[in-house]
Amino acid sequence: MAWCGTFSSTSDGLPFMGNWPGLPNMFYALGYGGNGITFSMIAAQIICHKLQGYKDDREEIFGFERNKVPPF
């Protein structure tokens, strides 16, 4: 048997949350690391606001667009 726990990080240390670029009905919450409880709550709030039609300013902080590079 074998297992692994893969960890990686973004260049700014923040996770990605919100809509997948170009797909408004696809949401993501990626890269929690050691702050999973805090970031998972923020991701849930951002996605909930999007589903309700509200703008959440935190999308700019946690979205893929912050790096100005394609997601892959």
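Since the model is a prediction, treat every value here as computed from it, not as a measurement.
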For the side chain of N19 and the backbone of P24, is there at least one donor-acceptor N/O pair under 3.5 Å apart?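 Yes.
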[Y] reachable from [X] in the ILVMFWY side-chain graph, under 4.5 Å edges:
X: L30; Y: M26; result: yes
X: L51; Y: L23; result: no
X: I61; Y: F39; result: yes

Item checked: More than 12 heavy atoms of other groups within 6.0 Å of I37 CD1 ->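 12 or below, so no.
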**Request:** Output every pair passing salt bridge (charged side-chain N to carboxylate O under 4.0 Å, His left out) with a member in residues 43-52, not counting sequence neighbours, ordered by first then second residue.
**Result:**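 For residues 43-52, and leaving out neighbouring residues, the salt bridge (charged side-chain N to carboxylate O under 4.0 Å, His left out) pairs sorted by first residue read K50-E59.
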task = For Y28, check ring-ring contact (aromatic ring centres under 6.0 Å, His included) against everything at least two apart and list the hits.
result =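 Here the qualifying residues are W20, F64.
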Do R66 and L14 have side-chain heavy atoms sitting under 4.5 Å apart?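 They are in contact (side-chain heavy atoms under 4.5 Å apart), so the answer is yes.
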(message) For D57, give me all partners under side chain to side chain contact (heavy atoms under 4.5 Å, CB included), at least two apart in sequence or on another chain.
(response)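 Scan of D57 (side chain to side chain contact (heavy atoms under 4.5 Å, CB included), adjacent residues dropped) gives K55.
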- Drop me the distance from I47's CD1 to I42's CD1, to the nearest 0.5 angstrom.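 It is 12.0 Å, given to the nearest 0.5 Å.
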**Study point:** From H49 atom NE2 to Q45 atom CD, the distance as rounded to the nearest 0.5 Å
**Key:**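 That separation rounds to 6.0 Å.
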Q: Might you point out which heavy atoms bring I46 and G18 nearest each other, and give the distance in Å?
A: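 Looks like CG2-CA, 4.4 Å.
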